[in-house]
Undergrad: 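For reference, the structure I am asking about is given below.
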Number of protein chains: 2
Amino acid sequence: MASHLTAVKPLAALREACSQCNLRELCLPVGLSADELGQIDELVKLRRRILRGQSLYRTGEPFTALYAVKTGFFKTEILLADGREQVTGFQMAGELLGLDGIGMEKHACNAIALEDSEVCVLPFADLERYFHEIAALQHHFHKVMSREIVRDQGVMMLLGVMRAEERLAAFLLNLSQRFTARGYSPHEFNLRMTRNEIGSYLGLKLETVSRVLSRFQEEGLIQVHQKHIRIIDPAGLKKVLSARQDFTERHG
Amino acid sequence: MASHLTAVKPLAALREACSQCNLRELCLPVGLSADELGQIDELVKLRRRILRGQSLYRTGEPFTALYAVKTGFFKTEILLADGREQVTGFQMAGELLGLDGIGMEKHACNAIALEDSEVCVLPFADLERYFHEIAALQHHFHKVMSREIVRDQGVMMLLGVMRAEERLAAFLLNLSQRFTARGYSPHEFNLRMTRNEIGSYLGLKLETVSRVLSRFQEEGLIQVHQKHIRIIDPAGLKKVLSARQDFTERHG
DNA sequence: ACGGTGTGTTGACACAGATCAAACCCCCCT
DNA sequence: AGGGGGGTTTGATCTGTGTCAACACACCGT
């Protein structure tokens, strides 16, 4: 009967439906039952294509919807009056954009596509209405927001206490892990962002990023060729993260 | 009639009730109607006293509840394996603690009282149940979480791109603004945290914090005496924030 | 195939903030 | 009242990362 219903849906709707999406295990509806999944198929009525370099939204624009990355790659950034910028995150397929906008009903950063991308539009008022019917969706949404807070606090740790090598090691391992979750190789991937954008995210200058990557290559941890990264020695990278030299000298 | 009803409530309940709390305009129930406020009076069944230096919760402990600071002052911190720590925030009356725990159902940081404090315990499962009945509460909760995300991204900006003086200026202005919202003087307050904790929050060493505060004093921006701060020239502090020297030289 | 432009690499040097060290202050405890 | 200890200030020096600069590479459109 469910299959009969979907069969008569217009093709367009079928294509859009969360229940048919191969990202459903990564995206907002993760953990929903088949029934619940079917219930939210009408939530996404709209997709948006964003070309590389274009913005999905900009600081100050009214907030109306969250966006789930369907394909492509984004960065979010905040700008200071004098032009200095901080990249606050990189978002890939299945990840949510726009959470920053709920609080003030205005977006609090720029979201910019780093490659041609497509997003599902989740009108937030609709979403909150669904929460009343589907407690699991509400609960999962709270988890997503909470994890975003924890992720941000991890970035604070990066920026506040780690040295350049540790930041880069953490960054590469994080990317590797997220690519893996999406079915790509953990050992090999292409960076979608420039050295400057990596630096801005990690609180470093692009020259430092470049130098540290070169050093990692000399040490046999990775191979770098432009945007292509091959992780040779993941354990070695993890060691960079956990082992400050003076600490191991003193204690280990 | 409302006064009659509250009069017959047990004294304990009266003391606990959100509708009677003088923080209701700052805390989670902000913006609720009187009716809605009455509805959540039973949410908080428990208060906890935390002595100075004690923890409200620690990393890894199971998450069951959010906490609203009733009186006192907290810090949240995350620790690296080698002992380095990052203070991720300071929380004062009316602010919420524990949002970090929702995602993984375990707390992701330590919350430590910087003075003898009292918190209202908001069992999270109960809270989510209230959301179904009170849409405004649900919506406001989402705003609170979103603002926490935006706050964290502001800290990333601090840590990623600002110089030491800018970080301290932003920190002092932020404290001043939050004290003001609580009815205290914008110009004069006591720091509840040590130089070391300020430094950890701002990604600086305590000596640097001390030096910058001394410099601000020499420049007539503030007066510092131990933990007591008097802001003499708020506009001057704001200028420290917005005006990078080389930028104003080039463009101003 | 060929410049042009955006991006990345590498080197030399500078500097903000870290580190090390000493003294000081304030408050609390006995 | 005196002593102790945590917290703070200040000075001298060191260092990791920034800054400036020159060049190399890659990809684009023509």
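Within every chain, numbering begins at 1; the chains are lettered A, B, ... in the order of the sequence lines, protein sequences first and strands thereafter. For the numbers below, each heavy atom of this structure counts, side chains included, while hydrogens, waters and symmetry mates do not.
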Undergrad: To the nearest Å, give me how far apart CD (B:E197) and P (D:dG6) are.
TA: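 The answer, rounded to whole Å, is 15 Å.
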Undergrad: To the side chain of A:R163, which of D:dG7, D:dT17, C:dG17 is closest?
TA: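 So the side chain of A:R163 is nearest to D:dT17.
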Undergrad: Round to a whole Å and report the spacing from CG of A:N190 to P of C:dG8.
TA: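 In whole Å, C:dG8 P and A:N190 CG are 12 Å from each other.
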Undergrad: Hey, does the side chain of A:K227 come within less than 4.0 Å of D:dA26's phosphate (OP1/OP2), counting only N and O?
TA: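 Answer no for this pair, as no side-chain N or O of A:K227 is under 4.0 Å from OP1 or OP2.
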Undergrad: Taking the basic N atoms (NZ, or NE/NH1/NH2) and the acidic carboxylate oxygens, is any pair closer than 4.0 Å for B:E218 and B:R215?
TA: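 Result for this pair is no, no salt bridge flagged.
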Undergrad: On DNA chain D, nearest-nucleotide positions of A:R167 versus A:H225: which is more 5'?
TA: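 Whichever sits nearer the 5' end wins; that is A:R167.
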Undergrad: Within the side chain of B:Y201, is there an N or O that forms a donor-acceptor pair under 3.5 Å with the backbone of B:F90?
TA: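 No; zero donor-acceptor contacts below 3.5 Å.
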Undergrad: Report yes if the side chains of A:T59 and A:K106 come closer than 4.5 Å at any heavy-atom pair, otherwise no.
TA: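 They are not in side-chain contact.
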Undergrad: In this structure, how many angstroms lie between the P atom of D:dC28 and the CD atom of A:Q226, rounded?
TA: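 A:Q226 atom CD is separated from D:dC28 atom P by 12 Å.
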Undergrad: Apply the side chain to side chain contact (heavy atoms under 4.5 Å, CB included) test between A:E85 and each candidate in A:L79, A:L80, A:N196; give the one that qualifies.
TA: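 In the set A:L79, A:L80, A:N196, the residue that makes a side chain to side chain contact (heavy atoms under 4.5 Å, CB included) with A:E85 is A:L79.
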Undergrad: Please classify the nucleic acid contact of A:G199 as base, sugar-phosphate, or nothing, using heavy-atom distances under 4.0 Å.
TA: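 Nothing, no nucleic acid heavy atom in range.
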Undergrad: Would you please test B:E188 and B:H228 for side chain to side chain donor-acceptor pair (under 3.5 Å) and show each step?
TA: CA-CA 7 Å; B:E188 207 165 340; B:H228 186 83; 3.2 Å; yes
Undergrad: Please report the distance, rounded to the nearest Å, between CD1 in B:I198 and P in D:dT9.
TA: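 The distance from CD1 of B:I198 to P of D:dT9 comes to 9 Å, rounded to the nearest Å.
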Undergrad: Counting distance only, does the side-chain N/O of B:T180 pair as donor-acceptor with the main-chain N or O of B:S176 below 3.5 Å?
TA: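 Such a contact is found between B:T180 side chain and B:S176 backbone.
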Undergrad: Less than 4.0 angstrom from a charged side-chain N to a carboxylate O is my criterion; do B:E95 and B:R182 meet it?
TA: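 A salt bridge links B:E95 with B:R182.
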Undergrad: Can you tell me how far C1' of C:dT19 sits from CG of B:N196, to the nearest Å?
TA: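 Rounded to whole Å, this separation is 14 Å.
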Undergrad: Can you say whether the rings of A:F63 and A:H107 are parallel (under 30°), tilted (30 to 60°) or perpendicular (over 60°)?
TA: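 Correct class here is perpendicular.
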Undergrad: Roughly, in whole Å, what's the span from CD in B:E166 to P in C:dA16?
TA: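 In whole Å, C:dA16 P lies 12 Å from B:E166 CD.
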Undergrad: Under 4.0 Å between a Lys/Arg side-chain N and an Asp/Glu carboxylate O for A:E77 and A:K75?
TA: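 Yes, A:E77 and A:K75 are salt-bridged.
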Undergrad: Which angle, rounded to 10°, do you find between the first-five-pair axis and the last-five-pair axis of the helix from C:dA1-D:dT30 to C:dT30-D:dA1?
TA: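 The two end axes of the helix from C:dA1-D:dT30 to C:dT30-D:dA1 meet at 40°.
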Undergrad: In whole Å, what is the span from the CZ atom of B:R52 to the C1' atom of D:dG7?
TA: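 It is 11 Å, rounded to the nearest whole Å.
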Undergrad: OP1 or OP2 of C:dT7 sitting under 4.0 Å from any side-chain N/O of A:R195?
TA: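 So the side chain of A:R195 is outside the cut-off, no N or O lying under 4.0 Å from OP1 or OP2 of C:dT7.
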Undergrad: Rounded to whole Å, please give me the gap between CG in B:L204 and C1' in C:dG17.
TA: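 B:L204 atom CG is separated from C:dG17 atom C1' by 8 Å.
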Undergrad: Tell me which residues in residues 205-215 of chain B put a heavy atom below 4.0 Å from DNA chain D, sorted by number, or none.
TA: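 Heavy-atom cutoff 4.0 Å gives B:L206, B:E207, B:S210, B:R211, B:S214.
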